[in-house]
There are 2 protein chains.
Amino acid sequence: MILDAQPDIEVVAAVADGAEAVAQARRLRPDVCLLDIRMPKLDGLEVTRVLAGPGVENPFRVVIVTTFDLDEYVYGALRSGATGFLLKDSGPTLLIEAVRAAAAGDALVSPSVTVRLLQHVAQPRRAPAPVNDPLTDRELDVVRLIARGRTNQEVAAELFVSLSTVKTHLGSIFAKLGVRNRVEIAAWAWESGVVS
Amino acid sequence: MILDAQPDIEVVAAVADGAEAVAQARRLRPDVCLLDIRMPKLDGLEVTRVLAGPGVENPFRVVIVTTFDLDEYVYGALRSGATGFLLKDSGPTLLIEAVRAAAAGDALVSPSVTVRLLQHVAQPRRAPAPVNDPLTDRELDVVRLIARGRTNQEVAAELFVSLSTVKTHLGSIFAKLGVRNRVEIAAWAWESGVVS
DNA sequence: AACCGCATCGGCCGAACGGCCGATCTCTAA
DNA sequence: TTAGAGATCGGCCGTTCGGCCGATGCGGTT
């Protein structure tokens with residue numbers, strides 16, 4: 001009712017379970033599919049994988065609507081190919097905006113879920129960081145290349161410096177991070193978000 | 001005007017530059033601060049770091065509003081402590097919802113920005129996976145330890161096998177993943193989610 | 001019984017790595 | 001002006017890595 005009241009939105013079908021959702025979606029080819037996580041026969045995440053998962057040629061735009069905001073559902077849904085994740089307490093405004101966003105190829109996620117996503121995305125500042133002794137910009141350059149699997153020779157070539165310089169920087173990095181080999185540098189880089 | 005028309009929102013100040021934004025925010029202690037990226041004197045990201053950056057004791061809720069949706073601005077803003085990121089073409093509805101979400105401690109990000117964030121967050125499934133030749137369980141054991149920075153000797157000790165066995169497994173892993181050194185194994189492990 | 005994938009082990013060797021020493025140059029701050 | 005931090009470079013040396021050969025045993029499948 002909420003959606004159908006919008007002039008730019010038309011509800012073309014409403015189904016009772018996941019299997020029917022897949023069937024009707026393929027028949028009607030709607031611009032957007034609204035799915036609940038909890039559905040009979042086929043799970044909402046399963047349906048998402050079928051309709052929009054990796055490897056699907058003409059993926060549907062899927063918005064997950066659910067009352068459960070557990071992290072495992074969120075990540076599972078987004079990994080399955082969902083372009084939206086709404087909690088049922090989000091109110092009609094966000095529901096409408098989520099559908100419009102999905103139709104445009106964008107994604108709207110519930111604010112209470114987004115705030116947790118951002119903690120994992122943009123705030124990877126963590127404990128093993130060199131709090132007492134931060135890395136210099138140049139050392140970070142070396143870290144980023146090391147973390148991608150470059151050898152010292154390749155790092156030297158890409159930074160236009162000599163092999164000795166790279167090894168010197170590496171020594172400083174080892175001391176500052178308190179690690180013993182380049183793979184631990186890579187692990188630190190991935191954990192702290194220096195590379196992604 | 002848009003915000004003040006809402007019954008649950010009151011605009012308490014409007015400033016002309018970043019320095020004034022910091023001063024007024026500290027004086028009025030608003031529930032939410034709306035900041036533009038482009039501001040005289042103090043950059044919007046600078047203001048965000050001062051008001052909501054890591055290490056601030058009573059952080060403000062900051063929503064960035066801008067016309068520029070470059071990735072560097074988005075990540076910079078969110079890393080600086082912003083709890084929202086809106087493009088100016090988002091329409092009044094999302095602006096209002098973003099303020100409400102920020103006041104509640106949540107975060108609303110423009111759908112067109114969110115869709116790019118999700119690609120980096122929830123889609124770490126990537127090409128270099130061994131599609132044609134999956135790793136065995138034992139090889140995955142080795143991969144996990146290597147990715148954490150263990151030397152071959154340490155891997156051997158933790159798996160109760162000899163150094164030769166570890167090196168043999170490593171050879172297989174190199175061939176299957178198509179990589180040339182252990183750091184690339186670590187990078188693959190972090191990207192594909194084998195370790196986290 | 002024969003085959004094959006997997007795990008296990010050994011030896012050899014060149015290349016890469018990492019530690020340790022010292023050195024010069026530039027820029028900034030005291 | 002002096003002191004310090006950062007970036008740059010070189011040499012030496014022991015350890016680790018990674019490639020390449022081979023080998024054994026074990027559990028499945030044909």
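Numbers restart at 1 for each chain; the letters A, B, ... are given by sequence-line order, proteins then strands.
- Distance B:His169 NE2 to D:dG18 C1': 16 Å, rounded to the nearest Å.
- A:Thr136 comes within contact range of the sugar-phosphate backbone alone, with a heavy-atom separation under 4.0 Å but no base atom that close.
- Among the nucleotides D:dG18, C:dG18, C:dC9, the one closest to the side chain of A:Arg182 is C:dG18.
- A sub-4.0 Å separation between OP1 or OP2 of D:dG18 and a side-chain N or O of B:Arg180 is absent.
- Among the nucleotides C:dA7, C:dC17, D:dG18, the one closest to any side-chain atom of B:Glu139 is C:dA7.
- Residue A:Thr168 is in base contact, counting any heavy-atom pair closer than 4.0 Å across all strands shown.
- Between the CG atom of A:Leu170 and the P atom of D:dT8 there is a distance of 13 Å, given to the nearest Å.
- Neither OP1 nor OP2 of C:dA16 sits under 4.0 Å from any side-chain N or O of A:Asn152.
- A distance of 8.5 Å separates CG of B:Asp141 from NE2 of B:His169, quoted to the nearest 0.5 Å.
- Residue B:Arg138 places its side chain closer to C:dT8 than to any other of D:dA7, C:dT8, D:dG18.
- Nucleic acid contact for B:Thr165: base, since at least one base atom lies under 4.0 Å from a heavy atom of the residue.
- Of the candidate nucleotides C:dC17, D:dC17, C:dT8, C:dC17 has the atom nearest to the side chain of A:Thr151.
- Distance A:Ile173 CD1 to C:dG18 P: 11 Å, rounded to the nearest Å.
- The distance from atom CG of A:Leu177 to atom P of C:dG18 is 13 Å, rounded to the nearest whole Å.
- Take the nearest nucleotide of DNA chain C for A:Phe174 and for B:Phe160: the residue whose nucleotide is more 5' is B:Phe160.
- In this entry the distance linking NZ of A:Lys167 with C1' of D:dG11 reads 10 Å, nearest Å.
- In this entry the distance linking CD of B:Glu184 with C1' of C:dC17 reads 16 Å, nearest Å.
- From B:Leu86, atom CG reaches atom OG1 of B:Thr67 across 12.5 Å, with rounding to the nearest 0.5 Å.
- Whole-Å rounding puts the A:Gln153 CD to C:dG18 P distance at 14 Å.
- Between B:Arg138 and B:Val161, the closest side-chain pair of non-hydrogen atoms falls below 4.5 Å.
- When the nucleotides D:dC9, C:dT8, D:dT16 are ranked by their closest atom to the side chain of A:Ser164, D:dC9 comes out on top.
- Note: CD1 (A:Ile146) to P (C:dA16) measures 13 Å, nearest angstrom.
- Positionally, the nearest nucleotide of DNA chain C for B:Ser162 lies more toward the 5' end than for the other of B:Ser162 and B:Asn181.
- At distances below 3.5 Å, at least one donor-acceptor pair connects side-chain atoms of A:Glu154 with backbone N or O atoms of A:Thr151.
- By the 4.0 Å N-to-carboxylate-O rule, A:Arg148 lies too far from A:Glu158 to be salt-bridged with it.
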